[in-house]
S.K.: 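The structure's right below; bear with me while I get my questions together.
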Amino acid sequence: MSPVKPTPSRPQAAFDPDAAREQLAAKRGPVYWRSLEELADSEGFHRWLRQQNPRLGEALLMDRRGFLKLLGASLALAGLAACSHPPQTEIVPYVHKPVGQVDGLPRYFATVLTREGHAQGVLVADHQGRPTKAEGNPQHPASLGGTDIFAQAAILQLWDPDRSQSIRHRGITSTWDDFIAKALAMSARFEDNGGDGLHVLTGPVTSPTLTAQLDALGQRFPKSRWHVHRPGGRNAYDGTRLAFGQPLSTRLHMDRARVVVALDADPLSDPAAGTRYGHDYAITRSPEQNDGAMSRLYAVEPTPSLTGLMADHRLPLGFREVGEFARQLAGKIGVTMPPGAAPAAGEQTRWLDAIAADLQAAHGAALILVGAAQPPWLHALGHAMNAALGNVGRTIDYSAPVETLPGEDDGLAGLVSAMRAGRVDTLLALEVNPVYDAPAELEFADAL
C-alpha cells in the first residue's frame with residue numbers, strides 16, 4: 001500500500017481593503033454570516049491588520065479567554081484605585097432601630113414643599129433615614145395625591161453634591177459660631193440707629209410664623225425695610241384693589257367651569273395650586289363624568305405655556321395685543337369699556353365672536369383668567385367680566401390675601417434703587433436668588 005500524499009495547502013491571498021469595499025458594495029440583497037469571524041477572520045486579514053497597527057491587531061484578534069483575563073485585570077486595578085482613598089462619609093448602622101422600622105421597607109412622612117411661598121403637601125419615602133421619593137399627599141387639598149415637576153426635583157436638590165456643606169463667608173468655609181458672632185455685632189450696631197441700612201429680601205410669604213418673626217424684626221429695628229420679590233409682580237393684587245378697593249386672593253373652581261378663557265394665564269402651572277387645578281381640569285375633560293360633555297379651553301397668549309398646550313384653541317398674540325383683545329371681548333359680553341384701538345378684523349373677529357358666544361351660553365359656568373404679568377387694569381377687567389357672566393361664587397371666589405403684604409413694600413425695584421443710592425448697609429436674603437431670576441432691566445447683580 002502506497003502512503004497517502006498530503007494535500008498541499010493553498011497560499012493565503014493578501015488582504016486588499018479596497019477590493020473588500022468594492023466586493024461589499026457590489027452585493028445586492030441581504031447577506032448573512034454565521035459570525036463575525038466568517039466575515040473577517042482570515043489569515044490575510046490578520047496579516048494586514050498586524051502590519052498596519054501591531055498593537056491594535058493584537059487587541060482585536062484576542063480570543064475570548066484572553067479578553068476575559070484582560071477585563072478581570074482592569075476591574076481589579078479599578079477596585080484598588082477606588083480603595084486608595086478613605087470614603088467621604090461614614091456609614092454607621094443603627095444602634096437603636098426606630099420603632100416600626102422594617103429593614104428593606106420604606107417609611108413615609110407627611111410634609112410640605114414650598115414654591116414661591118405656597119405649600120404643596122407631599123408624602124416622602126424614606127429608606128433608613130434617607131429620603132428617596134416625593135409623591136403627593138392625597139389628604140392635602142392643594143395636591144390631592146398629585147405632584148408637579150418641582151416637587152419631583154426636590155429630591156435631586158436635596159442630594160445635589162454642589163450644595164454648600166457648611167457656612168461660607170466670602171467664599172471661604174466658616175462656622176455657625178462665626179456667623180452668630182457677626183450677627184450679634186451687626187445687631188448691636190443697628191440697635192443704635194434703629195436698623196437704618198438694614199434691608200430684608202424674601203419671596204412671597206404665606207407662613208404665619210415667618211410673618212410674626214419679620215414683624216418682630218421690624219418692631220426692633222423700625223428703620224429697616226422688608227422687600228418681597230415676586231417674579232410675576234403684584235399685578236394680581238393691584239388688579240383686585242382696582243376692582244374691589246382692596247387686595248384679595250382668588251380661588252378657582254376649575255371642576256365647575258365648562259368654558260375657560262386664559263388671557264396670557266397659566267393656571268395649570270400656578271405655584272399656589274397648579275397641581276389641584278390640573279386635577280380639577282382633568283375632571284371636566286372626562287365625558288363619562290359629565291354626561292357626555294367636555295369643557296372647552298381657549299388660550300390667548302404671547303408665549304407657549306402648559307395651559308396653552310392643553311387648550312382646545314390657542315391664539316398667539318403679542319403681549320400688548322392681549323389687553324386689546326380682552327377689551328373687545330368685554331364689549332361683546334356686555335361690560336362697558338372706554339374705546340380702545342381700532343376694532344379687530346379677520347381671524348380675531350371670528351375668535352371674539354366664538355368665545356363670546358361660548359361664554360354667554362355657559363353663564364355661571366365660565367371662567368376668565370388673566371396672567372400675572374399683565375397690567376393691573378387688565379386684571380380688574382377680568383374680574384368685571386367674571387361678575388357679568390355670573391361666575392363669582394361659582395367658578396371663582398375671593399378671600400383676604402393669603403400672602404403677607406408689607407405696607408411699604410416697593411418690591412425688588414425699590415431695593416435696587418436703594419442699593420444704587422448707597423442706602424443699603426446690610427442685605428438679608430431669605431430663600432431668594434434674584435441674581436438668577438431678577439428681570440434683566442433691573443441689573444440687580446451690578447447694584448449688589
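No hydrogens, no waters, no symmetry mates; every other heavy atom, side chains included, goes into these values.
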S.K.: Test Leu329 against Leu359 for side chain to side chain contact (heavy atoms under 4.5 Å, CB included), laying out the working first.
M.R.: CA-CA 10 Å; Leu329 178 62; Leu359 289 173; 4.3 Å; yes
S.K.: Would you check if there is a donor-acceptor pair between the side chains of His229 and Asp437 at a distance under 3.5 Å?
M.R.: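 On atom types as modelled, these side chains qualify, holding a pair under 3.5 Å.
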S.K.: More than 12 non-hydrogen atoms from neighbouring residues, nucleotides or ligands closer than 6.0 Å to CD on Gln152, yes or no?
M.R.: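 Yes.
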S.K.: Could you pull out the closest heavy-atom pair between Ala362 and Val259, with the gap in Å?
M.R.: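 Looking at all heavy atoms of both residues, the closest pair is CB-CG2, 3.8 Å.
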S.K.: Might you point out which heavy atoms bring Ala330 and Leu381 nearest each other, and give the distance in Å?
M.R.: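 Reported closest heavy-atom pair: CB-CD1, 3.7 Å.
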S.K.: Measuring from Leu389:CG to Gln360:CD, what's the distance to the nearest 0.5 Å?
M.R.: 7.5 Å
S.K.: Kindly give the heavy-atom pair with the smallest separation between Tyr277 and Pro267, and that separation in Å.
M.R.: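 Heavy atoms of Tyr277 and Pro267 come nearest at CD1-O, 3.5 Å.
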S.K.: For Asn137 and Ser143, does a side-chain donor sit closer than 3.5 Å to a side-chain acceptor?
M.R.: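 No - no donor-acceptor pair under 3.5 Å links their side chains.
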S.K.: Under 4.0 Å between a side-chain nitrogen and a carboxylate oxygen: does that hold for Arg256 and Asp280?
M.R.: no
S.K.: I'd like to know if Arg314 and Glu301 make a salt bridge, using a cut-off of under 4.0 Å between side-chain N and carboxylate O.
M.R.: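 Glu301 and Arg314: salt-bridged.
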S.K.: How many angstroms lie between atom OG of Ser224 and atom CG of Asp196, to the nearest 0.5 angstrom?
M.R.: 9.5 Å
S.K.: Any heavy-atom pair between the side chains of Thr206 and Thr404 that's under 4.5 Å?
M.R.: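 No, side chains not in contact.
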S.K.: Any chance you could measure Ile333, atom CD1, to His363, atom NE2, to the nearest 0.5 Å?
M.R.: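 Rounded to the nearest 0.5 Å, the CD1-NE2 separation comes to 10.5 Å.
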S.K.: As a quick check of understanding, evaluate side chain to side chain contact (heavy atoms under 4.5 Å, CB included) for Gln348 and Leu317, giving each step before the final call.
M.R.: CA-CA 10 Å; Gln348 285 196 31; Leu317 286 181; 3.4 Å; yes
S.K.: Tell me the side-chain hydrogen bond (donor to acceptor under 3.5 Å, both in side chains) pairs involving residues 233-246, sequence neighbours left out?
M.R.: Tyr237-Ser249
S.K.: May I have all residue pairs that pass ring-ring contact (aromatic ring centres under 6.0 Å, His included) and include part of residues 381-421, sequence neighbours excluded?
M.R.: Phe244-His383, Phe244-Tyr398, His383-Tyr398
S.K.: Check Ala257 against Leu367 and note the closest heavy-atom contact, atom names and distance.
M.R.: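 Smallest heavy-atom distance, with atoms named: CB-CB, 4.1 Å.
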S.K.: Rounded to the nearest 0.5 Å, how far apart are CE of Met254 and CD1 of Ile396?
M.R.: 11.0 Å
S.K.: Please confirm whether the backbone N or O of Pro141 pairs with a side-chain atom of Arg276, one donor and one acceptor, at under 3.5 Å?
M.R.: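 Flag set: sc Arg276 to bb Pro141 pair under 3.5 Å.
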S.K.: Atom CZ of Arg320 and atom CD of Gln374: how far apart are they, to the nearest 0.5 Å?
M.R.: 9.5 Å
S.K.: Dump the intermediate steps for side chain to side chain contact (heavy atoms under 4.5 Å, CB included) on Thr426 and Phe190, then the final yes or no.
M.R.: CA-CA 10 Å; Thr426 299; Phe190 287 131; 3.5 Å; yes
S.K.: Is it true that, when you exclude Met310 itself, more than 12 heavy atoms of the residues, nucleotides or ligands shown sit nearer than 6.0 Å to its CE?
M.R.: no
S.K.: When rounded to the nearest 0.5 angstrom, what distance separates CD1 in Ile167 from CD1 in Ile172?
M.R.: 14.5 Å
S.K.: Of all heavy-atom pairs between Ser295 and Tyr281, which one has the smallest distance, and what is that distance?
M.R.: OG-CE1, 3.9 Å
S.K.: Quick check: do Ile155 and Pro131 have side-chain heavy atoms less than 4.5 Å from each other?
M.R.: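 They are in contact (side-chain heavy atoms under 4.5 Å apart), so the answer is yes.
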S.K.: With a 4.5 Å heavy-atom cut-off, do Arg296 and Val260 have their side chains touching?
M.R.: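 No, every pair of side-chain atoms sits at 4.5 Å or beyond.
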S.K.: Verify the neighbour count for atom CD of Glu191: are there more than 12 heavy atoms of other residues, nucleotides or ligands below 6.0 Å?
M.R.: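 Yes, because the 6.0 Å sphere around CD of Glu191 holds more than 12 heavy atoms from other groups.
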S.K.: Under 6.0 Å from the CZ atom of Arg107, do we count more than 12 heavy atoms belonging to anything else shown?
M.R.: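 Yes.
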S.K.: So, Asn386 side chain and Ile368 main chain: donor-acceptor pair closer than 3.5 Å or not?
M.R.: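 Answer holds: yes.
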S.K.: Is any side-chain heavy atom of Asn391 less than 4.5 Å from a side-chain heavy atom of Arg394?
M.R.: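 When only atoms from C-beta onward are counted, Arg394 and Asn391 do not touch, as no gap falls below 4.5 Å.
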S.K.: Test of understanding: with ring pair (Phe, Tyr, Trp, His ring centres under 6.0 Å), list the residues that count as partners of His379, not counting sequence neighbours.
M.R.: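 Here no residue qualifies.
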S.K.: Any salt bridge linking Arg130 with Asp126? Criterion: basic side-chain nitrogen under 4.0 Å from a carboxylate oxygen.
M.R.: no
S.K.: Give a yes or no on whether a salt bridge exists between Arg285 and Asp312, defined as a side-chain N under 4.0 angstrom from a carboxylate O.
M.R.: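 A salt bridge links Arg285 with Asp312.
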S.K.: Counting C-beta onward and ignoring hydrogens, is there a side-chain heavy-atom pair between Phe221 and Ser187 closer than 4.5 Å?
M.R.: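 Answer yes - side chains close enough.
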S.K.: Assess whether a salt bridge exists between Glu135 and Lys133, defined as any Lys/Arg side-chain N lying under 4.0 Å from an Asp/Glu carboxylate O.
M.R.: yes
S.K.: Pair Leu315, Phe325 - check side chain to side chain contact (heavy atoms under 4.5 Å, CB included), show working.
M.R.: CA-CA 11 Å; Leu315 176 63; Phe325 184 91; 3.7 Å; yes
S.K.: Within the structure provided, determine whether Leu201 and Pro434 are in side-chain contact (heavy-atom separation under 4.5 Å).
M.R.: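 Heavy-atom side-chain distance check passes, below 4.5 Å.
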S.K.: Provide the full list of side-chain hydrogen bond (donor to acceptor under 3.5 Å, both in side chains) pairs with a residue in residues 154-174, sequence neighbours left out, each pair given once.
M.R.: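 Applying side-chain hydrogen bond (donor to acceptor under 3.5 Å, both in side chains) to every pair that reaches into residues 154-174, excluding sequence neighbours, yields Ser174-Asp178.
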S.K.: When you compare the side chain of Gln120 with that of Val112, does any pair of heavy atoms fall below 4.5 Å?
M.R.: no
S.K.: What are the two closest heavy atoms between Gly278 and Leu268, and how far apart are they?
M.R.: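 Smallest interatomic distance, heavy atoms only, reads CA-CD2, 3.7 Å.
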S.K.: Considering only NZ, NE, NH1 and NH2 on the basic side and carboxylate oxygens on the acidic side, decide whether Asp410 and Arg225 come within less than 4.0 Å.
M.R.: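 Salt bridge: yes.
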S.K.: Output all residues satisfying ring pair (Phe, Tyr, Trp, His ring centres under 6.0 Å) with His313, sequence neighbours left out; order by chain, then residue number.
M.R.: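 Ring pair (Phe, Tyr, Trp, His ring centres under 6.0 Å) list for His313, sorted by chain: Tyr298.
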S.K.: Might you work through the side-chain hydrogen bond (donor to acceptor under 3.5 Å, both in side chains) test for His253 and Thr395, ending with a clear yes or no?
M.R.: CA-CA 5 Å; His253 299 280; Thr395 60; over 6 Å; no
S.K.: Please tabulate, for side-chain N and O atoms in residues 440-448, each donor-acceptor pair with protein atoms closer than 3.5 Å (sequence neighbours left out).
M.R.:
none

S.K.: Does atom CZ of Phe179 have more than 12 heavy-atom neighbours, drawn from other residues, nucleotides or ligands, at distances under 6.0 Å?
M.R.: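 Atom CZ in Phe179 is not crowded, with 12 or fewer foreign heavy atoms closer than 6.0 Å.
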S.K.: Does a side-chain heavy-atom distance below 4.5 Å link Leu263 with Val261?
M.R.: yes
